[in-house]
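What follows is one structure encoded as structure tokens, with my remarks underneath.
Sequence lines set the chain letters: A, B, ... in the order given, protein chains first and strands last, and positions in each chain run from 1.
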Protein chains: 2
Amino acid sequence: MVEYNDTLNQTFKALSDPTRRAMLESLRTGPKTIGALAEPLAISFAATSKHIGILEDAALIRREKRGRERICHLQRGQLDEAQAWLDRHAAFWSGALDALETALKEEDERDE
Amino acid sequence: MVEYNDTLNQTFKALSDPTRRAMLESLRTGPKTIGALAEPLAISFAATSKHIGILEDAALIRREKRGRERICHLQRGQLDEAQAWLDRHAAFWSGALDALETALKEEDERDE
DNA sequence: TTGATATTCAACTTTTTGGTTGAATAAAAT
DNA sequence: ATTTTATTCAACCAAAAAGTTGAATATCAA
């Protein structure tokens, strides 16, 4: 496999499942327990817990221990890396050297 | 499964494989044949061809028949849907009602 | 025409993913 | 103290994904 950038890959993998995206969408309205997340999804608690684990590994959520419940909160994780990838790719159509391209190139020179 | 928006899902799935992302990245520098795409990836022609098929189904590339070669060109596909999802999600952190949020809400009212 | 090249197809294997169930753990409620 | 509730763990299963090889197809070059 290719695997040059592991955290970007983890982010894209985490986002590639519709159930997980639905969970993230649901959390946009506020923190929720595993149970509350599982309820509208017609899958077991265990399956939900696994999905949450994947999102947590990708730092897209944080699990807070609260008594016997776990409260899930959104977290940025490396969302911006995924956004940057898409923006850079989309820049292909808006001309090779527009504002975004130059901005991203400058970023590269600073960060890498 | 959840599966509320199939084209968004297809796009995210297509983008979730590092080999396919590498192919898309490679095509940013210009159109390439299957062979040229396969070469740096250490996978067979057949595997490359399959990946290309997935990207083509997601309309992220177009395959042009040129004699015995197939030339792959980038295509926008539903890239903007994926971008919109990420932007909307990222908007969670930049405050509930900033410019992007309102823009997206207006878009919803028009399109859906 | 013959042979080489580029790609795809078909059949198959391996690995990964998403799901299940039932037992284990831990906290809350009775 | 016992029971109920919330979640996780472990073992397992089925389907999907990613890869392989070898034959088929089509085009180009000798």
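The side-chain tip of R28(A) does not point at the ring of W93(B) from less than 6.0 angstrom away and within 45° of straight on.
Here the side chain of K32(B) pairs no donor or acceptor atom with the backbone of C72(B) at under 3.5 angstrom. Side-chain atoms of S49(A) do not come within 3.5 Å of backbone N or O of F45(A) as any donor-acceptor pair. In terms of modelled atom types and a separation under 3.5 Å, the side chain of R21(A) and the main chain of L15(A) share a donor-acceptor contact.
Heavy-atom contacts from other residues, nucleotides or ligands closer than 6.0 Å to CZ of R76(B) number 12 or fewer.
Separating the CG atom in L41(B) from the CE atom in M23(B) is a distance of 5.0 Å, to the nearest 0.5 Å. To the nearest 0.5 Å, the span separating CD1 on I43(A) from OG1 on T48(A) amounts to 4.0 Å.
For T11(A) and E81(A), the side-chain atoms include no donor-acceptor pair closer than 3.5 Å. The closest side-chain donor-acceptor pair between Q83(A) and D87(B) falls under 3.5 angstrom.
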Scan nucleotides 20-30 of chain D nucleotide by nucleotide, 5' to 3', and note B when protein non-hydrogen atoms come under 4.0 Å of the base, S if they reach only the sugar-phosphate, - if neither. BB-----BB--

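Separating the NZ atom of K13(A) from the P atom of dT15(C) is a distance of 16 Å, rounded to the nearest angstrom. The CD atom of Q10(A) sits 15 Å away from the C1' atom of dT16(C) (whole-angstrom rounding). As a whole-Å value, the separation of L15(B) CG from dA17(D) C1' is 16 Å. Atom CD1 of I34(A) and atom C1' of dA27(C) are 16 Å apart (whole Å). Straight-line distance from the CE atom of M23(B) to the P atom of dT7(C): 12 Å, rounded to whole Å. Counting to the nearest Å, the C1' atom of dA6(D) and the CG atom of L37(A) are 13 Å from each other. The distance from atom CD1 of I71(A) to atom C1' of dA27(C) is 14 Å, rounded to the nearest whole Å.
The side chain of S49(B) contributes no N or O atom lying less than 4.0 Å from OP1 or OP2 of dT7(C).
Within the 4.0 angstrom heavy-atom criterion, no nucleotide atom of any strand lies near T48(A).
Near DNA chain D, meaning a heavy atom under 4.0 Å away, there are no residues from residues 51-61 of chain A.
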